[in-house]
Amino acid sequence: MDELDQLNPQQHKAVTADDGQVLVLAGPGSGKTRVLTYRAAYLIRKKGVPPYNILAVTFTNKAASEMKTRLESLVNEPVRDIWLGTFHAMCARLLRREAQYLPFTSNFVILDSDDQQTLVKRALRELNIDEKVHRPASIHAAISFAKNNLQGPRDLPNRSYRDEIVIRVYERYEQLLVENNGVDFDDLLMLAVKLLRENSEVCCKYARRFEHVLVDEFQDTNVVQYELLRLLSSQHHNLYVVGDEDQSIYRWRGADYRNVLRFEKDYPRCHKILLEENYRSTQNVLDVARSVIDRNANRTRKKLFSERGAGNPILLYEAADDRSEAGFVVETIQQWLQAKKAQGGDYAIMYRTNAQSRLIEEAFLAAGLPYRLVGAQRFYGRREVKDIIAYLRLAQNPKDELSLVRVVSVPPRGIGDKTILNLQQLAQNAGLAPGEVLLDLGRKGSDSPYWEAFGGRSSRLLADFGSLLDEWNRSIDKVSLPALFDRIVTDIGYQRYLENSGDEDQERWGNVVELRRLAFEYQEQGLTPFLENLALVSDQDTLPEQSNVPTLLTLHAAKGLEFSRVFIVGLDEGLLPHSRSRDDPEEMAEERRLFYVGITRTKDQLYLVRADRRSSFGEFEFSQPSRFLDDIPDKLLKREGARAVRRTTYSWNSFSSTPVPTTTRPPAEAKPLPEPRYRAGMRIRHAGWGEGMVIDSRVQDDGEEVLDVAFESVGLKRLLASLAKLEILQK
DNA sequence: AAGGCCCTTCTTTTT
DNA sequence: GAAGGGCCTT
C-alpha cells in the first residue's frame, strides 16, 4: 500500500482514520470515491480485515464494479466475498436469502415503474375510484413517500377523503404485490429494514458480519437507507460515509441531505473530515460553481480551490430557438474535432429533462457525428425488450400476473380480454394466481378442473399456452439462460411476429438480439440474477463503454462523472430551474444543486446554452434566461449568440399586435468590432462540406466572426470563421 | 379477437 | 409530439 503516498494530506487523513464513525465531506472532484476505495484497501491490507467483513454501498452498479476493479488492483489480488453494490441490490440479495421470513418466495420479481403504475391503476379500478380525479401517478407517489418513511397503510393519517383513498389503494396495492410474488423498489429497502428491526437474529447475523460499513454519496440517502445503515453497523459501529450536501439531487425520491447533519447529531463522537482541494476543474469553473451554490443555506461551506489555474472563460451562448441551440452545440463540437483540438470523448451535453435530448440527437444525426446517449429507458423501455423480459419473468415466476397479462396476446394467440377476465376471476376464486391455473390447464388438459370453465376453444388455447409456460418453467434449471431465451423466442415465433408487424421490425429484432447478448453475459449466474440486474440497472450503468464520442445525458445522470468539455443546455426559466420547483424553496434549492453538479463535472471548458424560444408541446413558447445565470458574475462569462450581437427579436402574442422587443440585456462591453472577412453572397469552399454560399456573417463581441453558410451538400450550417478552414471562391 | 384510428393528455429528475 | 385510452370496424 505504498499508494497511500499518492494521497494529499487531507485524503490521507481520511483514508487512515480510526475505527468508529467517520464523516467525509468532500467537494466535487476532490477524490471522494478514491478515498472510499483506498479506505477499503487500507482496511484489508493494513488492518487485516477480511473482505468478507466489509460492506460498501455505492450509488450505481457501475460505480460498484469500478470500485471493485480499483480495489483489486490496490490490494493486488481478487477481492471475494465483499458486499459491494447499491442499496437496492444489497437489499434484494438480503431479502432473497431471508425469504423464509417474508410473504414472498426467493424468486420474487422486482417491479419496474410501469408495473407499479399498472398495479395502482388496478387497485383504483377495483375500488371504483375515478382515475381522472385521483391520478395513479400521484397516488403512487404518496405510497412511495410513505414507504420511504417506513409507513404502512395503517400508519398514515386519515383526515381527508384523499387520505382515505391513499390508504385503501395502498392496502390493495400491497395485496397485489404479494399475489404477484413481486416487490417494488421501495419495498426492497423497507422490507429489509423491517426484517432487521423485527428479527434480532437476522439483524445480528449481518451486523456481526459487517465489521466495516462504507457508504458513497451519503447525501442522497433517505430515511430508510439511513436506518438500514444504523442497523447493519449496530454491532461494530464502524460506519464510514462520504458525501457532499451540495450534490444532493434526489430529494423527490426521499433523499434528505440533512442526513449529514443527523449523522453528526446521532454520532456525536464521529470524526469529520473535509476534502476541499479540487483536482478536476479550472479555477474559473469552480468560481462559477461557487457563485451559484453559495446562495443556498443550510450547508457546510467549503472553500473549493484548484491548482490548475484560471483556465478558459465560461461561454454563454444565447440562441434564437432550441433548434439553433442544438445546432450551436453540434457545430461547435464539429469545428473543434475538425481542427483536431479536441476529441469526441471530451464532450458531454447535459440537460434537465430527457425530452431535450431529441433535438440534440437530431442535430448530431444531421451532422453525421456519432454520439452516445445515457439512459436505460431508451433500451429497456422498448416494447420488444419489455415483451421478452416479461416472458422470462413469467417463466421464472408464473405468479407474475403483470407479465402474464402483458404477453398473453403478444403475439396474438386467440386469447382476448374476455377470456383473460374469466381466467383472473376463476383464479381469484380458487385462491391461485392466473399463471398457476394456466399451468394446471397445460399439464392436465381436459382433465384439469378448470377446463370446463371456459368454452372449448378458449380452453384449448389456454392449455396450449399453459403447457408452453410449463415447459419453460421446468427447463430453467436444466438449460442455460441463452438456451432458455432462444427457446422462448422460437416457441412464440417472435421474429416472424415482428416481421409481420411492419415498420421498424429490423431495429426491433436488433434490440432482441442485443438483449440476448446481455443474457449471454449472465449464463454463469442464471435467470434470477439476470432479471434482478435488468430491474436495477441505473441509467449510468447502461453507459456504453468508452468509444470516444460525445455523451448526451441528464444532469441527474451526470453525477459522479467528469468530462473535459461540458455543455449545459436549456438554461431557461421553467426548464432549469424546472417550472415544477417554482413554488417550493426547498425544490428551488435542489435545482440549484443540480446546476452545480452539472457545472462541476467540467474539467476544462464549460458552455452554458439557452434559447429565446423553444417548442414545448409542439408549440413555440418564449422563454426567459434562467435566474441562475444572474448569480454568475459577468466577469466570469463570455457572451455569444443572438443577444450578444444585439440582434433584436420581436415576440408576439395573442393579446396584442404590438411587437415587444425581448432583448433586455446590455452588451457586456462596448468596443469597436473588427470588420468581417466574409460577406453575404460570397461563394466559399469548406474542407468537409464542399462549396456553399455565405448567407450571413457577423462579428461578435469577442471578435469571433460567425457565418451562416448554405452548403450544397449538407444545407445550412453555422460556423466560426477562425476555426473553419474556408477558401473564398468568389466575392 | 384484433387491429386501426382518433382522441386526449401530459412532460422532471430514476433506483 | 408521443403515448396511452376509448371506440370503431373487420
Side-chain angles (χ1 to χ4, degrees), chain A residues 57-64 85-92 110-114 116-118 121 125 131-132 135-138 141 144 147-148 183-190 217 220-222 224-225 248-255 350-359 362 374-377 380-381 383 408-421 455 457-458 461 500-502 532-542 553-559 570 574-582 584 587 590-591 593-595 597-598 615-620:
Chain A
V57 189
T58 57
F59 203 69
T60 65
N61 293 304
K62 182 166 164 270
T86 64
F87 272 108
H88 288 87
M90 169 186 99
C91 290
I110 301 168
L111 302 197
D112 66 26
S113 2
D114 281 356
Q116 295 172 34
Q117 182 105 338
T118 307
K121 278 188 196 162
R125 267 172 219 168
E131 289 174 46
K132 293 263 153 58
R135 305 243 162 238
S138 122
S144 177
K147 288 188 175 188
N148 280 319
V183 302
D184 65 19
F185 292 128
D186 305 315
D187 281 343
L188 288 172
L189 306 173
M190 187 181 71
E217 308 281 10
D220 277 320
T221 52
N222 60 28
V224 195
Q225 290 163 338
S248 172
I249 53 175
Y250 286 96
R251 195 182 107 90
W252 47 276
R253 217 164 74 183
M350 302 175 187
Y351 35 80
R352 179 65 177 86
T353 69
N354 283 303
Q356 290 171 261
S357 75
R358 224 193 79 243
L359 279 177
E362 281 174 11
V374 178
Q377 202 49 25
Y380 295 104
R383 201 168 68 216
V408 74
S409 19
V410 179
R413 45 174 71 87
I415 302 171
D417 294 347
K418 196 91 184 224
T419 310
I420 295 169
L421 207 63
R457 193 180 105 90
S458 294
L461 292 167
N500 293 337
S501 71
E532 179 164 312
N533 222 275
L534 293 181
L536 297 179
V537 277
S538 73
D539 273 354
Q540 274 190 16
D541 298 332
T542 63
L553 74 180
T554 62
L555 287 162
H556 282 90
K559 183 163 90 157
L575 216 43
L576 185 64
H578 196 272
S579 51
R580 311 266 291 219
S581 316
R582 195 172 28 204
D584 183 341
E587 291 198 12
E590 178 144 315
E591 296 290 306
R593 292 193 291 268
L594 196 50
F595 185 32
V597 166
S615 62
S616 68
F617 246 146
E619 301 280 302
F620 264 121

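To find a chain, count down the sequence lines: A is the first, B the second, and so on, and within it residues start at 1.
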Closest to side chain of R358(A), choosing from dT14(B), dT11(B), dG1(C): dG1(C)
Y250(A), nearest nucleotide to its side chain (from dT11(B), dT15(B), dT14(B)):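 Looking only at heavy atoms from C-beta outward on Y250(A), the closest nucleotide is dT14(B).
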Compare side-chain N and O positions of [X] against OP1 and OP2 of [N] and report whether any pair is under 4.0 Å apart.
X: T419(A); N: dA1(B); value: yes
X: N354(A); N: dT11(B); value: no
X: R457(A); N: dA1(B); value: no
X: R580(A); N: dT13(B); value: no
X: S409(A); N: dA1(B); value: no
X: K121(A); N: dG5(C); value: yes

Find the distance [X]:[atom1] to [N]:[atom2] and express it as a whole number of Å.
X: L359(A); N: dG1(C); atom1: CG; atom2: P; result: 8 Å
X: D417(A); N: dA2(B); atom1: CG; atom2: C1'; result: 9 Å
X: R135(A); N: dC10(B); atom1: CZ; atom2: C1'; result: 9 Å
X: Q356(A); N: dG1(C); atom1: CD; atom2: P; result: 14 Å
X: Q116(A); N: dT15(B); atom1: CD; atom2: C1'; result: 10 Å
X: E590(A); N: dT14(B); atom1: CD; atom2: P; result: 12 Å
X: L576(A); N: dT13(B); atom1: CG; atom2: C1'; result: 11 Å
X: L461(A); N: dA2(B); atom1: CG; atom2: P; result: 9 Å

Verify, without hydrogens or angle tests, whether [X] (side chain) and [Y] (backbone) share a donor-acceptor contact under 3.5 angstrom.
X: Y351(A); Y: L555(A); value: no
X: E532(A); Y: I110(A); value: no
X: Q225(A); Y: L189(A); value: no

From CA spacing to verdict: side chain to side chain contact (heavy atoms under 4.5 Å, CB included), F185(A), Q116(A): CA-CA 9 Å; F185(A) 292 128; Q116(A) 295 172 34; 3.4 Å; yes
Sugar-phosphate only, base, or nothing, as touched by R383(A) at under 4.0 Å among non-hydrogen atoms: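 No contact.
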5′-ward residue of the pair K418(A)/I249(A) relative to DNA chain B: K418(A)
Pairwise 5' ranking along DNA chain B for E591(A) and I415(A), keeping only the more 5' one: I415(A)
Aromatic plane relationship, F59(A) with Y250(A) - under 30° parallel, 30 to 60° tilted, over 60° perpendicular: tilted
With 3.5 Å as the limit, what N/O pairs link the protein to nucleotides 8-10 of chain C?
none

Over 12 non-hydrogen atoms of neighbours within 6.0 angstrom of CG in D584(A): yes
Close side-chain approach of L188(A) and L536(A), heavy atoms under 4.5 Å: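 Yes, their side chains come closer than 4.5 Å.
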With K559(A), the side chain to side chain donor-acceptor pair (under 3.5 Å) member among D220(A), T554(A), T60(A): D220(A)
